[in-house]
Amino acid sequence: MKRVLRIITAFALCLTMLAGCGTPPAPSGDGSSSTASSLPASTQKTDLLLWMPPFGTGDSLDMEFWTKALEPWATENNVNLSIEITPWGGYEEKYLTGFSSGEGPDVGYMYLEMFNDFIEMGALADISGQFTPEEKDNYIYWEKGNMKGGQYALPFVVGNARIPYFNMDILNKVGVTEPPKTWAELVDVTLKIKQQLPDVIPFAQEWADPAIGALNNVYYPYLWQAGGDIYSADGSSVALMNNTAAVEAAQFLYDLKFKHGVLTDESLALSGDAVREQFCAGRVAIASMDAKSSTQLDKAGINWDFLNSFEGKTKATWVASDSLIMNNASKNKELAASLMKYITSAPVMTAFHKEIASFPPITKDEEYNDNPKFKDMYENQSEFFHTLPVANGAFKVMDTLYKNLQLMMLGDLTPEQAIQKTVDYSKSIG
């Protein structure tokens, strides 16, 4: 998860510049537009700018894919389509700079943590009116793009679930033939591994990861499984102390380290990438990772299994919900909407999911192209899926929560203190 910029007060002044943002207006039919050349209107191309993140093994792979995939659409619509692959590092900074300077994309890609501030700025267009009822119905997750009173997002990646993986060869060595399903069973199994296989890390979490996205693995699923949530349903207040769930989840993790000793000091020094590397090396028995990690586990020859969720009071699984967006200052909203529809069409998404990144389908007319092991989870267990909130101050609160929980795992705070300090902070910025 990348760090979200706080929107400085001075940005309000920049909004006046947005009238010049986006692409030049398409020339009128009689060629009278001030931007039109002497060419006939039928040959005058419209400029459109698309920003996408890197999903492949390098920026060049993504650029090659999108250039080829979108060329037919650009030709058919007489569009000069410029594509930029925006690196994850400094991702939000580029969007803020682009939108404030009038040089942002007509169509872009955002993840949930970004939306609140850009919606509040008035930088994103409500796209609902650009789609027919039939088109909306074809999108499996259309409703997830509706936030803060408008349809500001077209879900593009809904999936890449954070799930517990199990090295079954290790579990078999201690007489366990099936993955543990509940919190209590997880404790029992990891204790067996600790006692019988001292060279194996029983349970690994990425508490040393610098990004707050680590919470998607290390805390949020347990919070939801305990029956809690981060924010109230309307996003107006932090809900961590509305019941005992937040403390119960924190206490469970605290006990894994300080009571049971199955979250070792070594495992707590790992980043997300390091957890996966250690799992692939056969040194970790159980760890939560993203669904895409399964490809690397297969390449490493690991005999793995997974659960969509452990079970506390209920089940819960974190899933990504990243989306395409339209710049509210775009001068060519109809073309921008057409581009969004083409990008998310079944043929383009099928190629994307096969060639670049395996995610579950986002439309009803696309076949499933993700790992077959996850098909049932995505198609029949989505009732347990959770996404992050779009709420005022959410990033600051989540950042503070992560820091307090890290202090808890170092023994500097109790579970109660970690949660209470986070709630107190949320009130101070409210």
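Basis for what follows: all heavy atoms, side chains included, without hydrogens, waters or symmetry-related copies. Numbers here simply count residues along the sequence, with the first being 1. Since the structure is predicted, the reported quantities are computational estimates derived from the model, not experimental observations.
At distances below 3.5 Å, not a single donor-acceptor pair connects side-chain atoms of T67 with backbone N or O atoms of E64. In this structure, T97 contributes its side chain and K94 its backbone to no donor-acceptor pair below 3.5 Å. Within the 3.5 Å criterion, the main-chain N or O of M326 finds no donor-acceptor partner in the side chain of S330. Between the side chain of T363 and the backbone N or O of N138, no donor-acceptor pair lies under 3.5 Å. Side chain of S309 to backbone of E311: no donor-acceptor contact under 3.5 angstrom is found. The closest donor-acceptor contact from the side chain of T190 to the backbone of V187 lies under 3.5 Å. Looking only at distances, no side-chain donor or acceptor of N303 sits under 3.5 Å from a matching main-chain atom of M168. Formation of a donor-acceptor pair under 3.5 Å by the Y342 side chain with backbone atoms of V348 is not found in this model. A donor-acceptor pair is defined here as one N or O able to donate and one able to accept, closer than 3.5 Å; no such pair exists between the side chain of E103 and the backbone of G98.
Looking only at side-chain heavy atoms (C-beta outward), W207 and L405 come within less than 4.5 Å of each other. Taking the side chain as every heavy atom from C-beta outward, F385 and W318 never approach each other to under 4.5 Å. Residues L49 and I83 have side chains not in contact (no heavy-atom distance under 4.5 Å, counting atoms from C-beta outward). The closest side-chain heavy-atom distance from W51 to M110 is not below 4.5 Å. When side chains are defined from C-beta on, V397 counts as touching I429, because their heavy atoms get closer than 4.5 Å. Using a 4.5 Å heavy-atom threshold, the side chains of W73 and V79 count as touching. Within the 4.5 Å cutoff, no side-chain heavy atoms of Q196 are placed close to those of K173. V218 is listed as a side-chain neighbour of E206, based on a closest heavy-atom distance under 4.5 Å.
For the pair K315 and E383, the salt-bridge criterion is not met [side-chain N within less than 4.0 Å of a carboxylate O]. Here D106 does not pair with K333 in a salt bridge; the nearest charged N to carboxylate O distance is not below 4.0 Å. We find that D399 and K403 are joined by a salt bridge, their nearest charged nitrogen and carboxylate oxygen being less than 4.0 Å apart.
There is no side-chain donor-acceptor pair under 3.5 Å between E135 and W142. Judged purely by distance below 3.5 Å, without hydrogens or angles, the side chains of S271 and D273 never pair a donor atom with an acceptor atom. Checking Q151 against D126 by side-chain atom types alone, no donor-acceptor pair falls below 3.5 Å. A donor-acceptor pair shorter than 3.5 Å cannot be found between the side chains of W304 and N167. Inspection of the S288 and Q205 side chains reveals no N or O donor paired with an N or O acceptor under 3.5 Å. Side-chain atoms of R276 and S293 include a donor-acceptor pair closer than 3.5 Å.
Here the closest heavy-atom approach between residue P389 and residue A394 is recorded as O-CB, 4.3 Å. Listed here is the closest heavy atom pair of V247 and P415: O-CB, 4.2 Å. Scanning both residues, A214 and Y402, for their nearest heavy atoms gives CB-OH, 3.5 Å. Counting all heavy atoms, side chain and backbone alike, V284 lies closest to A287 at CG1-CB, 4.0 Å. Annotation for Y219 and A246: closest pair OH-O, 2.8 Å, computed over non-hydrogen atoms.
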Evaluate the ring-ring contact (aromatic ring centres under 6.0 Å, His included) criterion for residues Y152 and F115: first the C-alpha distance (whole Å), next the side-chain angles of each, then the deciding distance (0.1 Å), finally the verdict.
CA-CA 8 Å; Y152 295 109; F115 274 96; 8.2 Å; no
E367 vs T350, test: side chain to side chain donor-acceptor pair (under 3.5 Å). Steps then yes/no.
CA-CA 7 Å; E367 294 182 0; T350 296; over 6 Å; no
Derivation and outcome, side chain to side chain donor-acceptor pair (under 3.5 Å), residues T344 and Y139
CA-CA 9 Å; T344 55; Y139 287 100; 2.7 Å; yes
Just do the side chain to side chain contact (heavy atoms under 4.5 Å, CB included) check on T387 and L112 with the steps written out, would you?
CA-CA 8 Å; T387 57; L112 276 176; 3.7 Å; yes
Listed pairs under 3.5 Å, donor-acceptor, residues 250-260 side chains, sequence neighbours left out:
from: Q251; atom 1: NE2; to: D255; atom 2: OD1; distance (Å): 3.0
from: K257; atom 1: NZ; to: D265; atom 2: OD1; distance (Å): 3.2

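The ring of F55 has its center no closer than 6.0 angstrom to the ring center of F65. Side-chain rings of F99 and F118 approach one another, their centers coming within less than 6.0 Å. Between W224 and H386, the distance separating the two ring centers is shorter than 6.0 angstrom.
Taking the side chain to side chain contact (heavy atoms under 4.5 Å, CB included) definition, one finds that S428 meets it with Y425, sequence neighbours left out. Residues that satisfy the side chain to side chain contact (heavy atoms under 4.5 Å, CB included) test with K68, not counting sequence neighbours, are absent from this structure. K181 pairs by the salt bridge (Lys or Arg N to Asp or Glu O under 4.0 Å) definition with E178, not counting sequence neighbours. In terms of the side chain to side chain contact (heavy atoms under 4.5 Å, CB included) criterion, residue partners of E266 (sequence neighbours excluded) are, by chain and number, I201, T264, R283.
Using cut-offs of 30° and 60° on the angle between ring planes, the pair Y378 and Y368 is tilted. Between Y91 and Y109, the two ring planes are perpendicular [angle over 60°; tilted spans 30° to 60°]. Taking the six-membered ring where tryptophan is involved, the planes of W66 and F156 are tilted, since the angle between them lies from 30° to 60°.
Rounding to the nearest 0.5 Å gives a distance of 8.5 Å between CE of M289 and CD1 of I163.
Within the structure, salt bridge (charged side-chain N to carboxylate O under 4.0 Å, His left out) pairs that include any residue of residues 421-430 do not occur (at least two apart or interchain).
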